[in-house]
Amino acid sequence: MGITAAVAGASGYAGGELLRLLLSHPQIEIGTLTAGGNAGSKLADHQPHLLPLADRVLAPTTADELKGHDLVFLALPHGASAKIAAELPVDTVVIDCGADHRLSSAAAWEEFYGGEHAGTWAYGLPELPRAGGERQRENLRGARRIAVPGCYPTASSLALAPGFAAGLLEGDDVVVVAASGTSGAGKAAKPNLVGSEVMGSMSPYGVGGVHRHTPEIEQNLELAGGLKVTASFTPTLAPMSRGILATATARIRPGVTPEQIREAWENTYRDEAFVHVLPPGRWPRTADTLGANTALIQVAVDARVGRVVAVSAIDNLTKGTAGGAIQSANLALDLPETLGLPLVGVAP
């Protein structure tokens, strides 16, 4: 018998994407599927595209239902994971796709999320370079509790981390503006997300430094550069179902050349399977990441103002959530990191 995995929150977008990817994983067997208000219904009522699992009945999301699996994915609303995880055996690999365990600072958690901080787990962004030359993946091998990054921090951190890791950027003036598809807001019905409100329109939200992913972006760039980072982050909603396009800028340190910038980004990701620095002149598009666990990045220098401009594109449900979760699980279980994960997007 292979590795068994339970998915909590199987009726939502993240849960559905986890199941889509797990169906192609050669060493993981899908076990119990749970939901909150949708418990008792069939998966096909919520995820009709997952035909092999159509007749599965969703169980209530309780620790008792999730116990007995080698691997548990928690695709639950923020604040719901910590209590469930605390009741699961310590030798179970638990992957939290929510925010409960991402931040290392309890003060940052209380400021941006409110309530008591549930503690910090191993951070599931394997490609993130760390000051000193290591990658975050070294902290994921054999881990039993892993926090999946937010989708915006995945795109934003991968975009700028090479410059901080190489000591080429200043940390006090980082600016990130990112557009996301509507699936990033979850599956619950919201008036501002209905088709007639979204089609043909873009809109900002979480403006003025209040979006909850802001401290996570700062945390990641601080890990990469070993210096204090302050970031201004503004998210926008784009009329598409999937994808994130992040445009991230930072001040270049005096004397740094465009050639050094290009070299730092290419060297950082040269051997990474899922993160690709595009050739000069080719810019990332969200369409090219659709359904793939890939991040596409381009970098340029705005010499007139002394800033680097890094643009990244990901699929927020794949690399930004479910794909990153399975990639981290592979590392925790000593499996090949790329196992079961698509490298190629869907086009057109």
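Nothing here was measured: the structure is a model prediction, and the numbers come from that model.
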Say whether, by atom type as modelled, one donor and one acceptor occur between the side chain of [X] and the main chain of [Y] under 3.5 angstrom.
X	Y	value
Thr294	Phe274	no
His276	Leu278	no
His69	Leu71	no
His46	Leu43	no
Trp265	Val299	no
Ser41	Asn38	yes
Thr286	Ile244	no
Ser156	Ile217	no
Thr289	Ala292	no
Glu216	Leu103	no

Are [X] and [Y] in one and the same hydrophobic cluster, where Ile, Leu, Val, Met, Phe, Trp and Tyr link if side-chain heavy atoms are under 4.5 Å apart?
X	Y	answer
Val7	Leu341	yes
Leu22	Val93	yes
Phe112	Val207	no
Leu76	Ile95	no
Leu339	Leu23	yes

Distance-only polar pair, side chains of [X] and [Y], donor-acceptor under 3.5 Å:
X	Y	answer
Asn330	Gln327	no
Gln47	Glu17	no
Glu218	Thr230	no
Gln298	Arg282	no

4.5 Å side-chain heavy-atom contact, [X] and [Y]:
X	Y	value
Thr249	Val174	no
Tyr205	Thr236	no
Val277	Arg262	yes
Arg242	Ser183	yes
Met240	Thr182	no
Leu88	Leu66	yes
Val176	Thr234	no
Gln136	Arg130	yes

Side-chain ion pair, [X] and [Y], N-O less than 4.0 Å:
X	Y	answer
Asp173	Arg307	yes
Arg137	Glu272	yes
Lys228	Glu222	yes
Glu138	Arg135	no

Got a sec: does the [atom1] of [X] have more than 12 other heavy atoms crowding it under 6.0 Å?
X	atom1	value
Arg253	CZ	yes
Asp271	CG	no
Glu134	CD	no
Glu266	CD	yes

Could you state the interatomic distance from [atom1] ([X]) to [atom2] ([Y]), rounded to the nearest 0.5 Å?
X	Y	atom1	atom2	answer
Asn293	Thr321	CG	OG1	10.5 Å
Ile30	Ile28	CD1	CD1	9.0 Å
Glu337	Ile326	CD	CD1	13.0 Å

For the student: nearest non-hydrogen atoms of [X] and [Y], plus distance:
X	Y	value
Ala118	Ala82	CB-CB, 3.5 Å
Ala179	Met202	CB-CE, 3.9 Å
Pro126	Leu140	CG-CD1, 3.7 Å
Gly184	Asn316	N-ND2, 3.5 Å
Ala322	Leu18	CB-N, 3.5 Å
Ala108	Ser105	N-OG, 3.0 Å

Between Lys42 and Asp45, is the salt bridge (charged side-chain N to carboxylate O under 4.0 Å, His left out) condition met? List the steps.
CA-CA 6 Å; Lys42 288 187 176 181; Asp45 296 336; over 6 Å; no
Between Tyr269 and Ile297, does the side chain to side chain contact (heavy atoms under 4.5 Å, CB included) criterion hold? Intermediate values first, please.
CA-CA 10 Å; Tyr269 296 130; Ile297 295 175; 3.8 Å; yes
Which is it for Arg270 and Glu263 under the salt bridge (charged side-chain N to carboxylate O under 4.0 Å, His left out) test, yes or no, and what are the steps along the way?
CA-CA 10 Å; Arg270 178 169 287 118; Glu263 182 180 18; over 6 Å; no
Side chain to side chain donor-acceptor pair (under 3.5 Å) contacts in which one or both residues fall within residues 49-62, not counting sequence neighbours
Thr34-Thr61
Working note: Ser11 + Leu58, criterion side chain to side chain contact (heavy atoms under 4.5 Å, CB included); need CA distance, chi angles, decisive distance, verdict.
CA-CA 8 Å; Ser11 61; Leu58 299 173; 4.0 Å; yes
Parallel, tilted or perpendicular, as decided by the 30° and 60° cut-offs, for the rings of Phe233 and Tyr152
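It falls in the perpendicular class, over 60°.
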Worked verdict on Ile146 versus Val94 for side chain to side chain contact (heavy atoms under 4.5 Å, CB included):
CA-CA 6 Å; Ile146 295 174; Val94 183; over 6 Å; no
Donor-acceptor pairs under 3.5 Å, side chain of residues 157-170 to any protein atom, not counting sequence neighbours: which ones?
residue : atom : partner : partner atom : Å
Ser157  : OG   : Pro153  : O            : 2.6
Ser157  : OG   : Asn220  : ND2          : 2.9

One pair to check against side chain to side chain donor-acceptor pair (under 3.5 Å): Thr4 and Asp70. What are the steps and the verdict?
CA-CA 5 Å; Thr4 58; Asp70 304 300; 3.2 Å; yes
Where do Arg102 and Asp96 land on the salt bridge (charged side-chain N to carboxylate O under 4.0 Å, His left out) test, with the steps shown first?
CA-CA 9 Å; Arg102 293 171 184 163; Asp96 183 10; over 6 Å; no
Selection residues 78-101 - residue pairs positive for ring-ring contact (aromatic ring centres under 6.0 Å, His included), sequence neighbours left out
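Residue pairs passing ring-ring contact (aromatic ring centres under 6.0 Å, His included), neighbours aside: His78-Tyr113, His101-Trp121.
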